[in-house]
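Report on the structure given below.
Values below: every heavy atom of this structure, side chains too, minus hydrogens, waters and symmetry copies. Numbers restart at 1 for each chain; the letters A, B, ... are given by sequence-line order, proteins then strands.
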Amino acid sequence: MYSIDTPPLTVSGSVHVGHVFSFTHTDTVARYRRMRGFAVFYPMGWDDNGLATERRVQNFFGVRCDPQLQYDPSFVPPGGSPKDRSREVPASRRNFVELCARLVVEDEAKFEEMWRRLGLSVDWSVKPYVTIGATAQRASQRAFLRQLARGEAYKAEAPTLWDIDDRTAVAQAELEDREMPGAYHRLAFHGAADVIVETTRPELLPACVALVAHPSDERYQALFGTEVTTPLFGVRVPVLAHRLAEPDKGSGIAMICTFGDTTDVTWWRELQLPVRAIIERDGRLKADAPAGTSAAGADAYAELAGKTVKQARARIVELLGESGELLGEPRPITHSVKFYERGSRPLEIVTTRQWYIRNGGRDATLRDELLTRGKELHWVPPYMRQRFESWIEGLNGDWLVSRQRYFGVPFPLWYPLDANGDPDFESPLVPSEDLLPIDPEADVPAGYAEDQRYQPGGFTADPDVMDTWATSSLTPQIACGWEDDPDLFSRTFPMDLRPQAHDIIRTWLFSTVVRSHLEFGCLPWKNAAISGWVLDPDRKKMSKSKGNVVTPMEWLEKYGADAARYWSASGRPGTDTTFDENQLKVGRKLATKILNVAKFVLTTCGAAAEGDDGLDDPAHLSEELDHSLLASLDELVVDATESFEDYDYARALERVERFFWVFCDNYVELVKGRAYGSAGEAGGRSAAYALRRALSTLLRLLAPFMPYVTEEAWSWWHDGSLHVAAWPLSDAAAGRPARDAITSDGLVYEVAATVLSEVRKAKSTQKRSLATPVVRAVVSDTPERLAALESANADVRDAGKIRELVTVTVADGSAGVVVELAEPDEPAA
RNA sequence: GGGCGCUUAGCUCAGCUGGAAGAGCACCUCCCUUACAAGGAGGGGGUCGUGGGUUCGAGCCCCGCAGCGCCCACCA
């Protein structure tokens, strides 16, 4: 069994050329393993839950989810995306989820069509799993409940990175820094003397709870332990010392707000400061001024209440200007700001109650265990492990898995409501595993009745859904039938291969390792093959937003799937590859060549159309050139096999392709005449068998890359599929007898091809047809090479149309071929 | 700030444990030769980013530097 943890693609409308690229890499490995005799477990999945789908549904149907609404069975979405998002039609949660489910079915059908066309050797009779499906939900909920029971999952109220557009918490792994324009504003705080603070976020001034400077900063030594008053709002805040304050940044003293950034959170926690939050979950400032604001300050705050961050910033700058507490003009800078990776406005930090899963972010022991797992994993290419390690080493908290969204796996929990109707978050009501999956909004906890929902003394559902990675991190469990199919699970888990791109090492790869480590105490797979990205010719990552995406289907239609696969497989593991239409043309050329040479071998030298009988029997080979070709082919088999064992499909392809072209150009030309019978029956048989054996081997070596043309050619002389035929064995592995000295390597083949090449060169240089006869060719070379040439003398003369072949022994290094062509008017005969 | 990768022909890239610079594309020339004109045969073109070092010998090994890309951290 060889099992592959296929990436479940995010269903978001169209397949990207990058997907074709990386999925082809995996498919070449799958096909190789299958030919090696493995039962290849190669499931397909779709990642359809989560925010990506919700957004697509919003845009596609022109709706937005309003969980307050009642379900409307006759709801009809308007369709299309209104320019103004506020014109989106509200839909109940259930209606919204139904639309999501409807759209993903359509999208998944398109994806499957694409993968079939590309020739992915997935067993489509096994229904692809979907991350919103019952199996995935059951696995997600089971894994979560077990972690809850073991204390690895916990709920906490804490400052959280928050996306104000999607109105959900986001995890560290989903953050992205973006360079944004900003400005330093110099504010005057009032004490014995004014204290000048520089800030890029003046609108957070009403949320200021302290000033902080470095303990060793002499400028502020005297102020430590004293209080100052904030401008405009008249709030008294302490001046404190902390090592994280940097003397050379701004004026060296910072205002701590609840919360402007993650450093504020650290200061707030370590210095035990009060909360004075002003940002609501929709990104607007609260209606009321925070505690401690002076009467005059309350009037100023009223000017800001309800405004967005951007609006509030503009207004407070005006107010500070009027009060004289803004010193000088704001000084423009560029700085990096944290965004949700799919977001369009900067993240805020708000205090919310969320579920977390331990991932080593707050636990050195677990962190070390995960680093050890990373060392146990075989990485392809090896240096990708660095990304895994630097991610773990940079974790600053546990994994926030709850999302305030709708189209996802719900947390399978309820909370009892006390007499006042307030939930008791400390004593969640937990279902038994055999009831999973459950929807706490629809299902009722044991011991309660539906009419107790939301009632004092009754219960309420956990309103959140899991982050999509909380499900994706369980793809081995979901695909291998964890707890659902113990037999399959025991044979497929841990899996053999995780193929994926390098941009999701910190999310998918890491989180999958976390879940497997915590649940099973082992790695989820033995190997991780990391593919690169596809870059456009400007060396930028291809992406929709840049408008440079080529639809893969167009290329498949224009050049064929084999050509697209050829280009894909030329990208080495982990390496970003530039999209190059030329490579598709080259791939198509190779495909055509395969068909043509197969036609020649199988039909033109007709004798050989009865299958593989005797192909491994050297008794059929009477010519040393033919032995030599097969010796050379044997080296290729060894090389290609080793490359595949090392997951270096690109190297395997390169070697096989190179051999194939030389084979067509030289070997086929050399033996063509003999194959037609010019040297009698024995010589013809020898050529025919060597050609068939070489073709059989080459088709099998090329099968993982170009499944269509190789299968077509194979079908001309076999009944079964090439793709379940055996991968070629090397002579050593097959126990074939060693060849004698002169034919133990490719020397005869190499020397004969070299002489033929020199003859062609002479004809080409003299602008003569290749059919031109050679009156005399004089080959100067070492005795060893001349002996090799002599053994192929007839074939070389035949292929080069050489009347007289003369050899001259010379010292190593002064070899050469002198070619004397027939006169142009001399008849070819 | 820490780390990783890359830098070889005009372009895209191979060069495995060090042994006289390669492929394809593009360009130019020639060729309908009985597998292939949606083809074939040839040709020109590179001081292997840079400065040192090790070695009989370095594209490859060691040290430094530069450029490009990426990962992580920082975010007053």
Judged by nearest nucleotide, the residue sitting upstream toward the 5' end of RNA chain B, A/Gln172 or A/His335, is A/Gln172

5'-most contact on RNA chain B (nearest-nucleotide basis), A/Ser764 vs A/Asp639, goes to A/Asp639

RNA chain B in dot-bracket form (Watson-Crick or G-U pairs under 3.5 Å, [ ] crossing, | inter-strand) is (((((((..((((.....[..)))).(((((.......))))).....(((((..]....))))))))))))....

Item to complete: Determine the Euclidean distance between corresponding C1' atoms of B/G3 and B/G44; express it in Å to zero decimal places.
Response: 44 Å

The correct set of residues in residues 382-399 of chain A placing a heavy atom under 4.0 Å from RNA chain B is A/Tyr383, A/Gln386, A/Arg387, A/Ser390, A/Trp391, A/Gly394

Rounded to whole angstroms, how far apart are [atom1] on [X] and [atom2] on [N]?
| X | N | atom1 | atom2 | answer |
| --- | --- | --- | --- | --- |
| A/Lys599 | B/A37 | NZ | C1' | 13 Å |
| A/Phe660 | B/G24 | CZ | P | 14 Å |
| A/His502 | B/C72 | NE2 | P | 11 Å |

Problem - Between A/Trp379 and A/Tyr647, ring centroids under 6.0 Å - result: no

Ring centre gap for A/Trp567 and A/Phe579 strictly below 6.0 Å: yes

Any base atoms under 4.0 Å from [X], or only sugar-phosphate, or nothing? Heavy atoms, all strands.
| X | value |
| --- | --- |
| A/Lys761 | sugar-phosphate |
| A/Glu642 | nothing |
| A/Val586 | sugar-phosphate |

Notebook entry, point to check: Taking the six-membered ring of A/Phe339, is the NZ or CZ of A/Arg178 close enough (under 6.0 Å from the centre) and on axis enough (within 45°)?
Noted result: yes

